[in-house]
Every structure is written in C-alpha cells, then in structure tokens.
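Have a look at the structure below before the remarks.
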Amino acid sequence: MHTGYIPAVFILLWAVLPVHAQEADSMKVIQLEGVTVSASYEKRIVREAALPTDVANARFLREHFTGNLIQALEHLPGIHAMDIGSGFSKPAIRGMGFNRIIVAENGIKQEGQQWGADHGLEMDAFNTERVVVRKGPASLLYGSDAMGGAIEIVPLPPPADDQVSGEAVLLGKSVNGTLGASVMAGVKKGNRYTRFRYTEQHFGDYRIPADTIVYLTQRLPVYGRRLKNTAGLERDVSFHTESRKGRYSSRYAASNAYQKTGFFPGAHGIPDASRLTGDGDSRNTELPYSAVNHLKASMHHRYMRDRLAGYWDAGFQSNYREERSLFHTHYGNQPVPVKDPDKELVFLLNTYSSTAKIKLTGLPGWEHTAGWDVQYQQNRIAGYSFLLPEYDRFTTGLYWLASWRAEEKFSVSGGVRYDCGYINIRGYTDAYLEAWLDERGYGDEAMERYKWRSYPVKRQSGDFSGSLGIVWHPGDAHLVKVNAGRSFRLPGANELASNGVHHGTFRHEQGDPSLSSEQGWQLDASYAFEGGRVVFSVSPFVSWFENYIYLKPTGEWSVLPHAGQIYRYTETEAVFAGGEITCGIDLFHGLNYTFIGEYVYTANPAERIPLSFSPPASMRNTLAWEGKGMRAYVELQRIAAQHRVARNEDPTPGASLLHAGASVHIPSGRTRVECTLSIHNVFNTKYYNHLSFYRKVEIPEPGRNFQVLIKIPFKSKIK
Amino acid sequence: MKTIIKFTVISLVMAAMFISCDKKDSGDTTKPVINLIEPEEGDVLLIGSDVHFEMELSDDEMLHSYKVEIHNNFDGHSHETKADSEDTVDFSFDRSWDVSGKKNADIHHHEIIIPENATPGDYHLTVFCTDAAGNESHVVINIELSHEGEAHDHDE
C-alpha cells in the first residue's frame, strides 16, 4: 500500500524534471548578471551537491559547542544525537543511525563500534572546525554503510600569511562538573602548515531531574539526583601537517582519542538497590566502566595538472575498546579468570583504508570523477564475556561520477558505483554454556542451536549503488535540488552471526547468516530561498527499502538465562519519509528569528508498525540578537511525544525546553577573548531522549546545565 | 517567478504526500499485562515444597505464552561464581506455558517445585509474557528460599 505509490512518485518526478530543466534554460538569459562567482565554501558545497547538504562552519560549531560534536550537530535540521549518558553520543540522520550512516575525517571513514547502542563517537570535538552533513543516500561516495547519509569532518585551509597561531579553550559545565581544556598551536611558514592540539576533559556523575528510575520493573533510587558512576574523562591528541610544492600537495594527520566513562551500575546487570548508594565521590569511575582508545593516522595526496587532478587518501585506524566489570557469569561452572578478572569485553578493531580518485575537468560544462576505494578490517576480541565475534572484512568499490553544468544555474550530476565485500566471521562456542545446557538436560538439538555464541560465517556479496540529481539555481535567491538514489549496505557481523543475550539490551539476539545486503531507493528534494531578510528552506524525502534488516521478536522463548524471547535479525520492507523546514528572518536592530522543524515517519508495512528508534518530531524557535561583538539568544525547543514505536520499544513523552546563552568578545592585549555562557534546560525539565541508550532504563536526560566556554586565540606573524 | 512558485507547490505537495503516508498503524504494539499475585516481592518460599503461583494475564489482542525463570542472587547481584557446597544445589527454574488463543488468562498452579536439596538464599523470580504479535512484558521480584520459610513470613 505504501509502496504502491512510492514508485509512482519517482515516475512523476522523472516526468516533471525535464520540463523544469527547459524552463531553467530559458530563464538564465534574464538573470545572468545576478550570478555571483565568489560564493563561500559553504555555499559552494551546498550548491554543488544534489543531495540535501548542510555545512556547520567554525562559528556554528562554536555557538553550539558542548564538548561533544554530535550534540552540536543536533542543531542542524534532520540530525539527532543518540546519547550515551551526558558525555558521549552517536549520530543519527533522518532516523538512521548505527551502521547506516558514516562519519569521515580527512577523507577516511571513521571505524569504531558504531553498530552498538552504547558506543559513542571517538573524536575530539575541539578539533572540528568544519563539518559537511549529507542527508540521504551517500553510498555512491562512501560505499556500503553510508545509505542514510554522511558526516564529513573537513579541515580548514591553512592561514594565508606566515604565522604562529593557536588558541587555548576552557570549558566548564555544571551538570556533571566538566572541566575541560584544549590548546592548539600551529605554524605556517612558506608552503608548510603544521598544527598540534591537546584536549582533556574530566567530568563527574551527571545530574538528572529525578529521584528514581525504573529498571526491569523495579523502581530504583537515584541518590542526590546524580547518576552514580557516570563520571569519566577524555584525552585527545592530534597532529597534522600539510605542504604544497608546485602541483603537488599533501597532508599527514595523526590523532589519538581516549575516553573512559563509567556505566551506571543500575543499568548494567541485574538491578539491585544496594549498588546504587552513593560512594561519597561524584568524580570517581569505578567498575563497571568502559575505556576506548581510537588511534588514527592518515595521509592525503593531491596532484593537479591541467584538466586532471589525482587524489589518494590512505589511513590506518585502531579502535580498542574494553569494558570492565566485576566478574559475573550466568553459568556456575565458569571460574574467575586468573589474569585480569574484571575484563569483561575487549574489542580491537583495526582498519586499513585507501581511496584514490581522478578528476577530469575542463570539458565544457563537464566534470568526471572516477575512484577506487579499498578497506580491510580486522576485529579481535578478549574478555570473560562475549558480545561480538572476531572477523576479517574486506570491501572494495569502483565508482564513476559525472556532472554537467550549464552557466552556474543548472547542473545534473549522477554516478554509479559497484562494491563488493567479503567477510569471514569466526564461530565461537562457549564451553561453560554447553556444560550449563547439558546439566539442565537439553538435548542435542537445543545444544546445537544455543551453544554457538557466534556462528562461523563466510560471506561474499556485491551490489550497485547509484544516484542522479539536479541542482537548479535560478538567480541568487532560489535553489532547487532533486536527487534520486539507490544505496545498499552489507550486513554487519552482529546481524549475520550473533547468537546470545546482549549484555546491554538483555535480549537474546540472533543473527541470520543468510541475510542479503540491504537495498534501498531514496528520493530527496529541497528548495531554499535566500533573499533580503528572509531565508527559507524545505527538504522532503522518502525512502523505500526492499529488505531492511531489523531485530524481530520471534515469540520463541530462549533457554538462555535471563532471556525472554529470541529476537532475530530479519529482512523486511521499510519506508522512511519526512522532511525538514527552516526559516530565518532578520527582524530589526540585529534581532533574528529562526525556526527549525523536522519530522520522520517510519514504517514496517508488512507488520503495519513503525521501526524502532524513530526520532520524534521536533522544532526549535530561536530568537537571537547580535551586535558590537556580543551575541545573545533564547531558544524554545519542543520535542513531540513519540508514540510510533516498534514492538517492545516504549513510547516517549514530549517536552518543551528553554535554552539561553550569550557570548561576548573582550579585547585583551593583542587578542580578543571570547566568552560564552549558556544555560541548557533552564527549567530543569525532566524529559527523555527517545534515541538515548539510557532511555529504556527510564533515565531522563541531564538536568539544567550552566556552561562556560572561554576561547583565547593568539597569533604572531613570522617575518 | 512562475516556475519557482510551481516548484514550491510541487515540493509542498510532495511533503504533504509523504506525511499523508502517516496512516494509523494498525499493527499491535501493545504489551500484555502481567498481574503477579503470588508469590509477592520479598516472599520467603519453603524449600521442599511447591510454590503457590497465581497471576492474571491480559492482552488487548491475543496472548501467546508465559515463562517463569528463577535463578540465584547469592552475592547480592553480580552473579559471581560460587563454589557449590557439597550437599545443596543452587536452584534454577525455567519453564514456559502456552496461553495462546486467549485475551485473558487466570493462572493458578503449583507446578514450580523447590527440591529438598536447594541452596537457601536470595533468588530472583522473573515472569515473562508474550502476545501473539511478539510484544513482551516481564516482572522481576526478589524472593528468598528458606527451610523455615512460609509465604509472607520473614522470621529467620
């Protein structure tokens, strides 16, 4: 029923497109003088991409800074933060998260444990100065996994003059007692620019506006309204050097991000009130906790000659994650490990990646790009518990993109890509589980079904992705985009091979080795108006997936301890639709009003129910004033209730939140110190984030937060 | 300008079409309701006897099955390994019953039997219930197994 008219919309669109293309041509004659070439980077990116694209520039990131990149990006329409406590988040774009969107830095796809609900993004928020967000199918650019969109962290160009420059930034937050600092220093001399940054953040247990939470049907106390053992720290170092020599330029970057954060003991294991009593220290991180270290090294080379440009990016990443928790087991026969008895889970994910492309410009109006991506991944595990198997994964893709532009006003761009991948997942059986099953008299059949914590799976698959879109820019005020794309995703190791109780969700999750790759058709459109005092944009989208992979409750009881029914990764038809609306008006005397609204509709038509993790409709009304080096704002954020839930997902009530803030530039010596004070959730409203990891434990979002950010830039010219 | 208006109209119509997809979902996402009457939170159950088990189940559409699971909670929670003493066995229980085809079920039985050799101590009792569509609810209570216990009796 839903799907009946989605192809119809596609057909309609294809029928409508050529008509408008012609009209665009006839209009350009009249408006030629209005064309401006000196568009800023943001405008250029937004205008060139046929996909709805937003750019968060340095100013945007600073105004919305919280020490957590995703929470800043959440202020862009269509982006949501899936929070894990107060400090860490993972991104979601238009209702898709986890393995369905990608984050790339310096051209290299960030690879952590993004499939997992309790794993955040390991990246230094202080070190991001420009972010490009592509909403919609980005498989064409990034291959598998980018079907829902891409978040690209792009370095700023080096300063023009020879100089030594840098900044010191201090961050303080009241909600969890954050103290953070970051220092950056860079040297630009001749053709070389080198930069170094060190960041450290320490935070305590975070405050919530609630005295109790409900976990596994038991009401548990929250002593002192602080969530015990959610304290932690983050320590990031990064280095980057770039140089240019004639037609050749290169960039080398290395970074290391370390995060350690405690788990609320009431949400880890079986609940018990006695473990939640405060220990008198709100800044300690005791067991259980997780520690993650993400090391990344990448290089970028570019060679330009006449009409040709060649690019090569290569990178190595090592993501080490460990979760420590007092030894516990469900099988009485499992002994305490002699060495490292608290080491519950360890993952070591190493990723090698390379992307090469050639761009051909200069043919009148045409631009062609051909590229080749390769990625090899290795996951290794340790610990007394089991969550994800060891695997090796190899993927490679070839693509060709072309765009044709007519006089800056109208362009058509599209491309095709073929990816293939091979994954080898190691089987894993648990001897203690086997003995436990045996002791309880389960027969051979049950034994065979349950003893595998991970099935051995070897899979090879390949798929096409492609897209075709137009950008029509009739004069400066209007921008129209339409894009249709097909994207795909190779199933992950957890979806293919897992079989056992997930320690975070308490569900028996079972993979299916026969799953095929996820395939979807996506249609996006956007219209933006920018004229005089008014900016306005609307961007609707609709996507249809032939075989969306989700965890389906089967109704079969699992025999594993503490497990209810078995949830099996299953393919189903799925529909996503929705859009964003933004509107901004310059009122008077530096006063500006902005409205952002967004909505996502999801459906599993076969079951006639929504999909899980559907973001609720929300809107932000912001009134800002700016003048004389000062800026102040008040924002009313309204989050609608989410009653459209999947099976065994709880509806989340809505909330209205008020935020406010002000920033001022204070001249001091040869520099200008920027101070920002902001208050998040002014009324200390108790509310829930439908997408938060802690939502299912009914832990509300952090309460009122005062934040101070002081930024001291410095610069000295080199003669 | 005409084209622009036209395009705006098209995009708005598209937006409206997308949103009009938002029909009332008719799939069942309502969980069954468990009203566990016996045993109750904190009850002391007598080792060597059967458990008086009583509850009411209901669902808006159709019930499917329920399961009772009992496991120990000796160390206060962290499920650490405990060396079994020679003469007792840590009690564990896991069994499911079919209640499909009904919207309401009154359950009353004595089918959970605590053997004489069960190790006394704190236990968790969990009742899981599913409906025909796969919606699941559960209730967890703390119980104690004791040689001297009688239901609702906390003397040691």
Side-chain angles (χ1 to χ4, degrees), chain A residues 2 5 9 16 20 23-24 27 216-218 269-272 274-275 325-336 440 472 474 478 480 525-527 529 538 540-542 552-555 557 559 561-562 564-565 575 577-579 599 601 603-604 607-610 644-649, chain B residues 1-4 6-8 10-12 14-19 21-31 34 41 64-67 69 71-73 75-84 90 92 94-96 100 124 126 128-142:
Chain A
H2 286 291
Y5 58 87
V9 174
V16 166
H20 289 274
E23 288 177 36
M27 271 189 71
L216 290 177
T217 72
Q218 303 239 329
I270 294 290
D272 196 285
S274 69
R275 281 194 296 164
S325 177
L326 266 182
F327 179 76
H328 59 279
T329 178
H330 303 299
Y331 318 118
N333 51 355
Q334 183 174 4
V336 182
R440 273 154 190 79
W472 179 42
H478 309 276
V480 176
S526 72
Y527 166 71
F529 172 82
V538 53
F541 69 93
V542 61
K552 182 190 164 98
T554 60
W557 294 117
V559 303
H562 312 303
Q565 61 182 318
V575 176
Y599 176 72
Y601 165 87
N604 172 347
E607 301 268 350
R608 297 163 86 185
I609 56 171
R644 303 196 65 258
V645 290
R647 286 198 178 112
N648 303 318
E649 184 183 42
Chain B
M1 202 58 200
K2 257 186 181 168
T3 14
I4 289 140
K6 235 160 121 190
F7 234 120
T8 316
I10 289 169
S11 37
L12 288 176
M14 275 169 64
M17 281 173 75
F18 298 160
I19 290 163
C21 288
D22 194 358
K23 281 183 236 154
K24 187 89 187 83
D25 305 298
S26 40
D28 178 16
T29 54
T30 310
K31 293 177 181 184
I34 304 170
E41 171 71 25
H64 175 61
S65 175
Y66 77 92
K67 169 173 139 164
E69 198 203 21
H71 59 259
N72 75 65
N73 180 28
D75 48 30
H77 351 291
S78 51
H79 295 265
E80 275 181 49
T81 322
K82 184 177 168 278
D84 283 349
D90 300 351
S92 85
D94 182 353
R95 190 166 154 194
S96 61
S100 54
H124 280 138
T126 310
F128 299 87
C129 178
T130 52
D131 71 7
N135 295 298
E136 178 178 326
S137 50
H138 54 248
V139 169
V140 186
I141 60 166
N142 293 290

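A, B, ... follow the sequence lines: proteins, then strands. Residue 1 opens every chain. All values below come from the heavy atoms of this structure, side chains included, with hydrogens, waters and symmetry mates left out. What you see is a predicted model; the values in this text were computed from it and never measured.
- Using a 4.5 Å cut-off between heavy atoms, A:Glu607 touches chain B through its backbone atoms (N, CA, C, O) alone.
- Looking at B:Glu69 and A:Pro561, their side chains come closer than 4.5 Å, going by heavy atoms from C-beta outward.
- In this structure, chain A has no heavy atom under 4.5 Å from any part of B:Thr126.
- With a 4.5 angstrom heavy-atom cutoff, B:Lys67 touches chain A via backbone and side-chain atoms both.
- Proximity to chain A (any heavy atom under 4.5 Å) is shown, for B:Ala132, by neither the backbone nor the side chain.
- Note that CD of A:Gln565 and OG of B:Ser96 are 12.0 Å apart. Values are rounded to the nearest 0.5 Å.
- Atom CG of residue A:Asn648 and atom OG1 of residue B:Thr130 lie 9.5 Å apart, to the nearest 0.5 angstrom.
- One side chain, A:Arg440 or B:Ser92, offers a donor N or O that lies under 3.5 Å from an acceptor on the other.
- Of the listed residues (A:Gly555, A:Gly564, A:Ser325, A:Pro553), the one with the most heavy-atom contacts under 4.5 Å to chain B is A:Gly564.
- With hydrogens and angles ignored, the 3.5 Å screen pairs a side-chain donor or acceptor of A:Arg647 with a backbone N or O of B:Asp28.
- Shown are B:His71, B:His124, B:His138; of these, the ring pair (Phe, Tyr, Trp, His ring centres under 6.0 Å) with A:His562 is made only by B:His71.
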